[in-house]
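These numbers come from a predicted model, not from an experiment. Order of the sequence lines sets the chain letters (A, B, ...), proteins ahead of strands, with each chain counted from 1.
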Amino acid sequence: MYSWNFQVLWEFRIVFFNGAIITLELTLLSMSLALGLGLLVGIARLAKYRAVSGPAAAYVEFLRDTPLLVQIIWVFYCFPILTGIKLSAFWASALAISVHMSAYVAEVFRAGIASIERGQTESAKVLGMSYSQIMQRIILPQAVRRMLPPFVNQFADILKLTSLASVLAVGELLHATNNLIINTFRPLELYTFLALAYFVLIYPVAFGARRAEVYLARRI
Amino acid sequence: MNSGPLAVRIEDLRKCFGPLEVLRGLHLEVARGEVLCIVGPSGSGKSTLLRCIAFLEEDFGGRIYLEGELLGFVERNGRLQRVKGSALRRVRSKVGMVFQQFNLWPHKTVLENIVEAPIRVKGLSRSEAVLGAEDLLKKVGLLEKRDEYPSRLSGGQQQRVAISRALAMRPQIMLFDEVTSALDPELVNEVLIVMKKLAEEGMTMLVVTHEMGFARQVADRVIFIDHGVIVEEGAPEVIFTHPKRERTQHFLSLVRHEEL
């Protein structure tokens with residue numbers, strides 16, 4: 001019978017704490033970049049002109065059809081050779097995760113914007129509003145409400161995917177835990193706690209989002 | 001009627017959707033202050049005509065002049081060149097449009113719906129815009145609804161807000177596209193009353209409608225459109241009592257039948 005020893009968790013709590021901080025940093029940075037990039041690509045996909053929408057569609061397709069792990073490794077090892085720009089393991093991971101997730105975010109933006117009835121745009125157009133005003137003031141505020149659930153899913157996805165950065169030895173939760181196991185030989189306690197730690201980070205966001213949805217649904 | 005250029009002048013307007021020719025060389029002149037009712041069977045091109053005048057349809061043949069200015073294009077050496085951005089919006093701002101489906105913005109209150117464009121497009125201060133909006137809401141009898149969201153309003157109330165929103169931009173020409181067709185019968189009148197008032201104030205109005213009673217009472221002129229051309233036009237009493245064309249007679253007999 002295995003004898004559990006949870007003492008090790010308390011002893012090395014600071015390691016988990018630091019790992020969690022890096023995981024969150026990576027998540028928030030990647031989510032912000034993915035949102036910005038995804039918005040641009042999503043709008044480009046809806047463009048009337050093929051010259052704009054075509055490349056945007058190709059971008060989305062290519063990124064979704066290649067593994068993030070490969071993209072992370074490519075950005076860290078190949079990108080610097082091709083461009084001469086050297087990235088730290090943290091920034092290479094952040095860049096790869098952002099670009100990868102921007103493809104999914106773009107699809108959410110595209111679907112969300114397309115789901116707003118045409119009359120919403122038309123009434124704004126006749127009132128003289130410009131394209132960017134219509135997007136910012138009329139379409140996106142409505143679309144974003146519909147996009148809240150998929151965005152929360154993507155936040156959870158990104159948080160989980162940051163564990164892939166451990167291949168570049170970024171000191172996020174998984175890598176921090178692996179290091180600890182090498183030193184303490186306590187994989188059962190540490191990996192179990194690791195899973196719990198991810199849950200604790202993600203659940204409050206999912207819970208909050210569900211509450212926000214209910215609140216917004218009541219207002220409209 | 002006032003002198004000066006015509007409110008609307010349309011020359012040889014053509015519009016296709018794919019192989020379907022919806023407008024087939026339509027000519028129309030509307031004087032300032034005139035109330036023109038546009039009737040005709042569904043699919044005859046009535047709504048498309050209004051949508052071209054509002055430049056919601058951008059690829060049309062022919063020319064549309066609003067208050068003497070060419071809409072959507074400039075003429076250089078006898079050739080038409082498309083204009084975009086603020087040059088387009090300046091001419092388009094002469095028209096206001098009200099839609100069958102109201103198209104209020106559901107995430108904004110009644111007041112916010114009305115002040116949005118005056119603030120963002122005309123650059124009015126918020127307080128000026130709010131004063132104007134409250135005036136308009138008072139006129140349509142909805143001042144107490146200023147802070148409600150559109151979903152809390154009846155269809156008739158929403159449509160009156162939509163009219164106020166269009167008027168807040170001080171257009172010279174108002175387009176009404178079947179604005180009572182989506183309303184429950186008991187709510188139609190409150191919208192027609194607002195439109196009638198507007199007509200009495202001298203607004204130039206182009207009204208696509210199935211409300212023959214309204215057309216008879218308020219219109220200065222009625223045009224009957226079928227298959228993308230004007231089949232017949234004249235004073236309402238002439239069109240409704242002595243239509244010359246067989247197609248007009250047929251259409252009116254169908255409409256009357258419905259009204260019974």
Side-chain angles (χ1 to χ4, degrees), chain A residues 35 39 42-44 46-53 108-152 209-220, chain B residues 47 50-51 53-59 84-109 112-123 148-152 158 161-171 173-175 177 182:
Chain A
L35 280 174
L39 174 61
I43 287 178
L46 290 166
K48 262 186 280 180
Y49 308 102
R50 272 283 173 79
V52 180
S53 64
V108 175
F109 270 115
R110 185 186 62 79
I113 292 168
S115 76
I116 304 297
E117 303 71 32
R118 206 168 53 143
Q120 294 285 308
T121 305
E122 291 187 341
S123 57
K125 255 191 194 174
V126 180
L127 290 165
M129 293 172 74
S130 66
Y131 176 78
S132 69
Q133 283 175 331
I134 295 173
M135 267 297 157
Q136 285 172 43
R137 307 279 311 166
I138 308 301
I139 303 304
L140 285 175
Q142 294 183 61
V144 164
R145 281 164 210 216
R146 296 182 192 185
M147 291 185 275
L148 194 61
F151 278 155
V152 173
R210 232 167 292 144
R211 296 291 296 268
E213 248 175 83
V214 172
Y215 171 77
L216 288 173
R218 228 179 306 148
R219 259 195 65 193
I220 298 185
Chain B
S47 287
L50 289 197
R51 291 173 58 83
I53 299 171
F55 212 62
L56 290 174
E57 303 296 344
E58 301 184 7
D59 296 307
K84 290 203 164 214
S86 57
L88 165 65
R89 291 199 292 272
R90 192 180 53 79
V91 181
R92 174 153 67 184
S93 71
K94 295 174 190 299
V95 305
M97 184 164 180
V98 186
F99 301 85
Q100 183 175 355
Q101 297 297 339
F102 329 133
N103 295 342
L104 292 177
W105 304 312
H107 61 302
K108 292 181 181 294
T109 63
E112 286 168 346
N113 262 278
I114 299 174
V115 300
E116 179 68 23
I119 292 174
R120 303 279 155 186
V121 179
K122 278 203 164 165
E148 293 281 7
Y149 284 91
S151 60
R152 303 282 302 270
Q158 289 192 48
V161 172
I163 293 172
S164 305
R165 179 174 69 175
L167 290 175
M169 290 301 282
R170 309 211 169 284
I173 303 150
M174 282 287 283
L175 311 175
D177 188 8

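- Residue contact with chain A, scored on non-hydrogen atoms closer than 4.5 Å, involves the backbone of B/L104 exclusively.
- No part of B/R152 comes within reach of chain A, as not one of its non-hydrogen atoms sits under 4.5 angstrom from that chain.
- Residue B/H107 holds its NE2 atom at 8.0 Å from CD1 of A/I139, rounded to the nearest 0.5 Å.
- Note: B/L56 CG to A/R118 CZ = 8.5 Å, rounded to the nearest 0.5 Å.
- Listed for the A/Q133 side chain is a donor-acceptor partner under 3.5 Å among the backbone atoms of B/R120.
- Between B/W105 and A/M129 the shortest heavy-atom distance is CH2-SD, 4.0 Å.
- Contact of B/M97 with chain A is made through backbone and side chain together, with heavy-atom distances under 4.5 Å.
- When heavy atoms are compared at a cutoff of 4.5 Å, B/Q100 does not approach chain A at all.
- The choice from B/K122, B/R90, B/R51 that makes the most heavy-atom pairs within less than 4.5 Å of chain A is B/R51.
- Taking each heavy atom of B/A117 and A/L127 in turn, the nearest pair found is CB-CB, 3.8 Å.
- Note on B/M169, B/R165, B/Q101: by heavy-atom pairs under 4.5 Å with chain A, the leading option is B/R165.
- Contacts of B/K108 with chain A are made by side-chain atoms alone, with heavy-atom separations under 4.5 Å and no backbone atom involved.
- Heavy-atom pairs under 4.5 Å with chain B were tallied for A/S123, A/G119, A/A124; the largest tally goes to A/S123.
- With a 4.5 Å cut-off on non-hydrogen atoms, B/K94 does not touch chain A at all.
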